Participant: 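Provided herewith is a single structure, encoded as structure tokens, for subsequent inquiry.
Reminder, nothing fancy here: chain letters follow the sequence lines and each chain counts from 1. Note that this is a predicted model, so its numbers are computed, not measured.
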Protein chains: 2
Amino acid sequence: MPKAEAKPERKTRIQSQNEQIILDAALEVFSAYGYRGGTIDQIAARCGLSKPNLLYYFRRKDDIYEAVLERTLADWLEPLRTLDPAADPVGELSRYITAKLDMTFERPAASRLFANEILHGAPHIGKFLQGPLRELVEAKALVIRRWVAEGRLHPIEPTHFIFAIWAVTQHYADFAVQVEAIAGTPDRARVRRAVLDILLGGIAANPPA
Amino acid sequence: MPKAEAKPERKTRIQSQNEQIILDAALEVFSAYGYRGGTIDQIAARCGLSKPNLLYYFRRKDDIYEAVLERTLADWLEPLRTLDPAADPVGELSRYITAKLDMTFERPAASRLFANEILHGAPHIGKFLQGPLRELVEAKALVIRRWVAEGRLHPIEPTHFIFAIWAVTQHYADFAVQVEAIAGTPDRARVRRAVLDILLGGIAANPPA
DNA sequence: ATAAATCTTGATCAAATGGTCAAGTGCGGA
DNA sequence: TCCGCACTTGACCATTTGATCAAGATTTAT
């Protein structure tokens, strides 16, 4: 057996550097054109590497796509994970919605990448949806359910409320062209206020005047 | 000049029949795989026609795509168009949301087709967004604004409220795999109640207990 | 019935695209 | 300095895919 020291995979400076460059370019390309629509040539051109060179770091197109997906999955979940059961419900949800909205405006490409992946049946992250994501949502739904039981929130369906938060916030990234066409370039502060109003207006235990 | 009787375009029985068959198949294919991801071969296979035959009715792939988009655009707008300024605001909005949700569950493929088109910058329906859609939304936003002015609704941003309705309802079609992975196959009546609760809970002039 | 128009398709083409390879270039440690 | 290994690339290949065409089959109108 030859020196099969495969796993450790120490990375060269050039290697990790180029991988990041490639994944940055891949995010832009795949989010703009979809998995099938984005080409290796486009990615290579965008980051100034030759196609074979790009395939030296990621052997298949699929590998690039999965890598760029994985790289952003964790960040995507993070805001939800921080929901604090002990804190004020409306305050916590407000914070979560704001954080999600901030990501939407700061990283629209990432949002569109996920949207495209899920829209087409989540062929690459099906396991993730049924595993970690599902568990996290169930855990946080429990938190919300407890808030309701304690009379601190209007009775709502926690899971669907979370869906609504996702839908409304990501809308401003995924459907940005439509939003722009109808309402012009949106003012972030105004959007934030409007979204909080709509999503939280009806759930406070003591609704505002 | 040869007999240039081009415009009238009387359609044969076979012609209009096959065109419908093709567009039905194209809707399924394009909504599942996107414009770039769907192939003429797939569409041809799905509707049992040969590829050249399909290209006899639609000369380019683009023509098929645009035709299937156009065919559903009108239906998509219809529910919003019926918002009645004279009727009860919450009742009207409730009806609209319900109608939109029904379309989501009855025609998820159409929803996904639009989502994909807009997600990728609406290259084919940009004009539609800036024209008819924008005008309709502005008109209906005015209706909602009047309701607010008359004290019949909590003050909300009409345009963003409409965005929220679209986002939340279409979410159940566009992100169906995610919804399914997290909450299982959704019960329509339950979804309807949850969505109405979330979107309308905070807007009634006299909020429910 | 029959001619004209419409419809259908196997064969084929050119371009795009994912991926390979052998041959170079240059960096980094002994 | 110099050797080995990581890196880079032009040329090339095979497949997919949008599109064409000429020839044949079927429908329709007279």
Participant: Closest approach to the side chain of B:Thr12, judged atom by atom: which nucleotide of C:dT17, C:dA11, C:dC7 is it?
Facilitator: C:dC7
Participant: Would you please say whether a donor-acceptor pair under 3.5 Å links the side chains of B:Asp62 and B:His124?
Facilitator: yes
Participant: Select base, sugar-phosphate, or nothing to describe what B:Ile40 touches, counting heavy atoms under 4.0 Å on all strands.
Facilitator: sugar-phosphate
Participant: Reading DNA chain C from 5' onward, which residue's closest nucleotide shows up sooner: B:Tyr56 or A:Arg36?
Facilitator: B:Tyr56
Participant: Give the C-alpha distance, both sets of side-chain angles, the deciding distance and a yes or no for salt bridge (Lys or Arg N to Asp or Glu O under 4.0 Å) between B:Arg188 and B:Glu106.
Facilitator: CA-CA 11 Å; B:Arg188 294 194 193 185; B:Glu106 293 302 327; 2.7 Å; yes
Participant: To the side chain of A:Pro52, which of D:dC21, D:dA19, D:dA11 is closest?
Facilitator: D:dA11
Participant: Tell me if the centroids of the rings in B:His120 and B:Tyr35 come within less than 6.0 Å of each other.
Facilitator: no
Participant: Specify the separation, in whole Å, of atom CG of B:Asp63 and atom P of D:dT20.
Facilitator: 10 Å
Participant: Nearest heavy atom decides the nucleotide; on that basis, is B:Tyr35 or A:Ser16 closer to the 5' end of DNA chain D?
Facilitator: A:Ser16
Participant: Looking at B:Lys51 and D:dG18, is any side-chain donor or acceptor paired with a base atom of the opposite kind under 3.5 Å?
Facilitator: yes
Participant: Over all strands shown, is A:Phe58 touching base, sugar-phosphate only, or nothing at heavy-atom distances under 4.0 angstrom?
Facilitator: nothing
Participant: Across the strands shown, which category fits A:Gly38 at heavy-atom distances under 4.0 angstrom: base, sugar-phosphate, nothing?
Facilitator: sugar-phosphate
Participant: On DNA chain D, check which nucleotide each of B:Arg13 and B:Thr39 is closest to and give me the residue with the more 5' one.
Facilitator: B:Thr39
Participant: Tell me: CD1 of B:Ile14 to C1' of D:dT28, nearest whole Å?
Facilitator: 9 Å
Participant: Main chain of B:Arg107, side chain of B:Ser111: is a donor-acceptor contact present, judged purely on distance under 3.5 Å?
Facilitator: no
